[in-house]
Amino acid sequence: MAYHIGQIVQGVVTGIQPYGAFIRLDDQTQGLVHISEFKSGIVKNLKDELRVGDLVEVVVLDIDQYNNKISLSIRQLQMFSLRDLPIIKNTNIRRHFWTNHHLNLGFTSIAQKKDEWIQEALNRI
């Protein structure tokens with residue numbers, strides 16, 4: 001996929017639904033701006049804010065590689081100046097598959113506690 005999380009791109013509004021607007025980024029790629037990512041505050045009807053054919057600037061929030069879906073945001077551009085930040089490439093930000101390499105749950109291995117447990121058992125005898 002030619003897009004990266006954090007990238008700012010322009011697209012054309014191709015459809016408006018009650019839950020969000022579909023944005024065509026290129027001939028083969030389309031993404032969704034969820035209504036909650038349109039602007040800060042309450043948006044009751046996107047049709048009052050956007051029209052099909054409008055050119056909009058969006059930031060790529062999420063790329064679901066398994067379903068080839070792209071989540072976009074207009075609100076993030078309004079809240080923060082992302083133009084000053086570098087494009088984030090190949091990171092685990094908001095991926096839809098799970099691994100435990102980033103979890104630190106505080107568990108210790110049995111081998112580290114084995115000697116302590118044996119000594120406690122011997123003291124009880």
Side-chain angles (χ1 to χ4, degrees):
M1 193 165 281
Y3 299 99
H4 306 284
I5 295 172
Q7 185 176 4
I8 299 170
V9 294
Q10 286 190 343
V12 177
V13 178
T14 59
I16 301 172
Q17 296 295 322
Y19 52 84
F22 290 95
I23 310 294
R24 185 181 72 233
L25 303 178
D26 59 35
D27 292 336
Q28 300 162 347
T29 309
Q30 184 167 313
L32 174 71
V33 176
H34 189 267
I35 193 167
S36 66
E37 289 295 333
F38 180 69
K39 69 177 184 179
S40 295
I42 298 172
V43 178
K44 292 185 180 181
N45 189 355
L46 275 177
K47 292 182 180 180
D48 296 338
E49 308 283 341
L50 288 174
R51 303 278 182 258
V52 173
D54 284 354
L55 184 65
V56 293
E57 193 171 38
V58 294
V59 63
V60 178
L61 286 183
D62 185 21
I63 299 173
D64 186 343
Q65 295 174 345
Y66 296 113
N67 298 319
N68 289 327
K69 293 181 180 179
I70 298 179
S71 298
L72 305 169
S73 176
I74 297 171
R75 180 175 63 99
Q76 296 297 324
L77 287 175
Q78 296 167 350
M79 291 177 59
F80 306 105
S81 176
L82 293 177
R83 295 182 192 278
D84 300 332
L85 299 176
I87 294 174
I88 302 169
K89 294 182 181 180
N90 299 326
T91 63
N92 288 328
I93 297 174
R94 297 183 68 162
R95 296 292 172 116
H96 289 281
F97 47 89
W98 295 98
T99 61
N100 64 357
H101 74 275
H102 64 280
L103 298 177
N104 183 8
L105 299 176
F107 292 111
T108 59
S109 69
I110 292 174
Q112 291 174 335
K113 290 287 201 173
K114 179 181 72 169
D115 293 333
E116 182 181 330
W117 292 339
I118 291 172
Q119 189 61 41
E120 286 178 14
L122 290 174
N123 290 341
R124 290 184 202 154
I125 297 178

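Computed over heavy atoms, backbone and side chain alike; hydrogens, waters and symmetry mates excluded. Residue numbers start at 1 and run along the sequence shown.
- Considering all non-hydrogen atoms of both residues, V59 and Q76 come closest at CG1-CB, 3.6 Å.
- No more than 12 heavy atoms of other residues, nucleotides or ligands lie within 6.0 Å of CD1 in I42, so this atom counts as exposed by the packing criterion.
- Judged by distance alone, the side chain of Q7 and the main-chain N or O of H4 form a donor-acceptor pair under 3.5 Å.
- Evaluated for a side chain to side chain contact (heavy atoms under 4.5 Å, CB included) with V12, the options I23, L55, L25 yield exactly one hit, L55.
- Interatomic distance, CZ of F38 versus CD1 of I74, reported as 5.0 Å (0.5 Å rounding).
- Surrounding CD of E116 are more than 12 heavy atoms belonging to other residues, nucleotides or ligands, all under 6.0 Å away.
- Between the CG atom in D62 and the CG atom in L32 there is a gap of 11.5 Å [rounded to 0.5 Å].
- Contact between A21 and L50 at its shortest, heavy atoms only, is CB-CD1, 3.8 Å.
- Among the candidates I8, V9, I70, the single residue satisfying the side chain to side chain contact (heavy atoms under 4.5 Å, CB included) test with V58 is V9.
- With N45 contributing its side chain and K47 its backbone, the two residues share a donor-acceptor pair below 3.5 Å.
- With hydrophobic clusters built from ILVMFWY side chains whose heavy atoms lie under 4.5 angstrom apart, I35 does not share a cluster with F22.
- With rounding to the nearest 0.5 Å, the separation of CG in L46 from CZ in R51 is 11.0 Å.
- The line from CD of E37 to CZ of R75 is 4.0 Å long, rounded to the nearest 0.5 Å.
- We find the CD1-CG distance between I5 and L61 to be 8.5 Å, quoted to the nearest 0.5 Å.
- Of all heavy-atom pairs between I63 and V60, the closest is CG1-CG1, 3.8 Å.
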Take Q119 and N123 through the test side-chain hydrogen bond (donor to acceptor under 3.5 Å, both in side chains) and record every step on the way to the result. CA-CA 6 Å; Q119 189 61 41; N123 290 341; 3.2 Å; yes

